[in-house]
Amino acid sequence: MNTTYFKATIREITYAWGKFISIVLIILLGSLLYVGIRATGPDLDNSADQYFAHQNLGDMRVTSTLGLNNRDLRLIRTDPKVQIAEPSHMVTVKKSPNQVVQVYSYAKSAKLNQLKLVSGHLPQKADQIVLDQKAKDYKIGDRYRLPATDGLTTKTFKVVGFVNSPLFVSSTDRGTTNVGSGQVNYFAYAPAAAFNQKAYAAIAVRFNNTAHLTAGTSKYNQQVDHDKARLESKLKQRPAQRRSEMIDPQLKKVDQQLGQLQK
């Protein structure tokens with residue numbers, strides 16, 4: 001029975017060589033694709049981890065719709081698992097009807113989320129700015145003008161360089177916003193001296209128990225999620241407190257004025 005089946009199989013292959021070779025090639029291609037994906041995945045993880053490590057990407061960013069202040073910063077820095085916590089400013093600007101830009105503060109002393117210089121140099125004066133590589137309409141030496149914007153003391157800058165930011169892994173997506181079209185076209189970095197915001201837009205955080213883990217892996221994500229949950233618990237009361245910090249002084253002024261009117 002086995003011999004008969006074997007002979008029938010050979011006969012079928014002999015009569016349809018083209019079909020047999022096609023099936024073999026499909027199986028071979030599938031195997032090679034599977035092996036390639038399995039081999040490439042770890043390489044991509046290692047490449048990303050090396051880039052993030054070189055640019056000192058933070059493990060997480062703390063943000064708030066009401067902004068953050070030094071009280072939030074102190075709470076984060078006193079967490080036993082936090083190694084570094086660095087605040088930064090940011091404004092979203094509708095530069096033109098079809099162009100939305102997010103301008104971040106740059107500090108030479110910052111250790112986290114360091115920029116990768118593509119060309120030119122990093123800002124050294126309050127009126128200097130570096131742009132995202134996506135800002136194709138500008139070149140080094142150009143004047144970069146922004147409309148009057150709350151949070152910025154300077155409206156006209158000189159373009160001194162182009163950079164990549166570890167905050168943006170995608171080469172095309174720069175995030176969304178509630179300004180303009182809702183899509184951020186590109187980012188820019190200006191010195192912290194160009195900002196006059198009292199509140200911080202974000203606080204970058206590096207934990208002291210993630211350095212030995214590869215970014216993006218399940219072990220890294222689990223550790224960061226654990227640290228993040230503990231930090232969120234520590235900051236749980238801050239939204240209500242922050243709201244009171246902003247509203248109570250204004251309500252006090254209103255009460256004083258009402259009292260004067262009633263006299």
Between [atom1] on residue [X] and [atom2] on residue [Y], distance to nearest 0.5 Å:
X	Y	atom1	atom2	value
K198	N70	NZ	CG	12.5 Å
Y220	H212	OH	NE2	11.5 Å
D227	T210	CG	OG1	7.5 Å
D127	T156	CG	OG1	9.0 Å
N69	L75	CG	CG	9.0 Å
S105	E86	OG	CD	10.0 Å

Is atom NE2 of H121 surrounded by more than 12 heavy atoms (other residues, nucleotides or ligands) closer than 6.0 Å?
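Enclosed: over 12 neighbouring heavy atoms sit under 6.0 Å from NE2 of H121.
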
Please indicate whether K228 has more than 12 foreign heavy atoms, meaning atoms of other residues, nucleotides or ligands, lying under 6.0 Å from its NZ.
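Atom NZ in K228 is not packed in, count stays at 12 or less.
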
Residues in side-chain hydrogen bond (donor to acceptor under 3.5 Å, both in side chains) contact with [X], at least two apart in sequence or another chain:
X	value
T78	K234
Q197	H89
D79	R230

Same cluster or not: are [X] and [Y] linked, directly or through other Ile, Leu, Val, Met, Phe, Trp or Tyr residues, by side-chain heavy atoms under 4.5 angstrom apart?
X	Y	result
L235	F207	yes
L112	V205	no
V62	L73	yes
L167	V169	yes
L146	V159	yes

Assess the residue pair T177 and V100 against the criterion (side-chain contact (heavy atoms from CB on, under 4.5 Å)); give the C-alpha distance rounded to whole Å, side-chain angles, the decisive distance to 0.1 Å, and a yes or no.
CA-CA 9 Å; T177 179; V100 177; 3.9 Å; yes

Quick check: closest heavy atoms across [X] and [Y], and the distance to 0.1 Å?
X	Y	result
I203	A85	CG2-CB, 4.0 Å
D72	G67	OD2-O, 4.5 Å
A202	T63	CB-CG2, 3.8 Å

For [range], pull every pair meeting salt bridge (charged side-chain N to carboxylate O under 4.0 Å, His left out), keeping only residues two or more places apart or in separate chains.
range	result
residues 96-118	none
residues 89-105	none
residues 174-196	D132-R174
residues 143-158	none

Qualifying residues under side chain to side chain contact (heavy atoms under 4.5 Å, CB included), relative to [X], sequence neighbours excluded:
X	answer
D173	S170, Q183
N208	K81, Q83
L251	I247, D248
K139	D142

What's the verdict on side-chain contact (heavy atoms from CB on, under 4.5 Å) for N98 and S181, showing C-alpha distance, side-chain angles and the deciding distance?
CA-CA 7 Å; N98 299 315; S181 65; over 6 Å; no

T153 (side chain) donor-acceptor with A194 (main chain) under 3.5 angstrom:
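Flag set: sc T153 to bb A194 pair under 3.5 Å.
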
Can a donor-acceptor pair be found, under 3.5 Å and without considering hydrogens, that links the side chain of R206 to the backbone of V82?
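Checked: no pair found.
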
Under the rule for salt bridge (charged side-chain N to carboxylate O under 4.0 Å, His left out), what residues qualify as partners of E245, not counting sequence neighbours?
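Applying salt bridge (charged side-chain N to carboxylate O under 4.0 Å, His left out) to E245 gives R71, R238, R242.
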
Are the side chains of [Y] and [X] in contact, using a 4.5 Å heavy-atom criterion?
X	Y	result
Y186	V101	yes
L213	Q223	yes
L115	V130	yes
N196	L152	no
V118	N164	yes
T154	F195	no
L122	Y106	yes
D137	Q99	yes

What orientation do Y138 and Y144 show, parallel under 30°, tilted 30 to 60°, or perpendicular over 60°?
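Perpendicular.
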
I would like to know whether N113 and N56 meet side-chain hydrogen bond (donor to acceptor under 3.5 Å, both in side chains); could you show each step before the answer?
CA-CA 5 Å; N113 303 331; N56 286 330; over 6 Å; no

Do you know which of Y104, Y189, F187, Y200 makes side-chain contact (heavy atoms from CB on, under 4.5 Å) with M90?
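The side-chain contact (heavy atoms from CB on, under 4.5 Å) with M90 is passed solely by Y104 among Y104, Y189, F187, Y200.
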
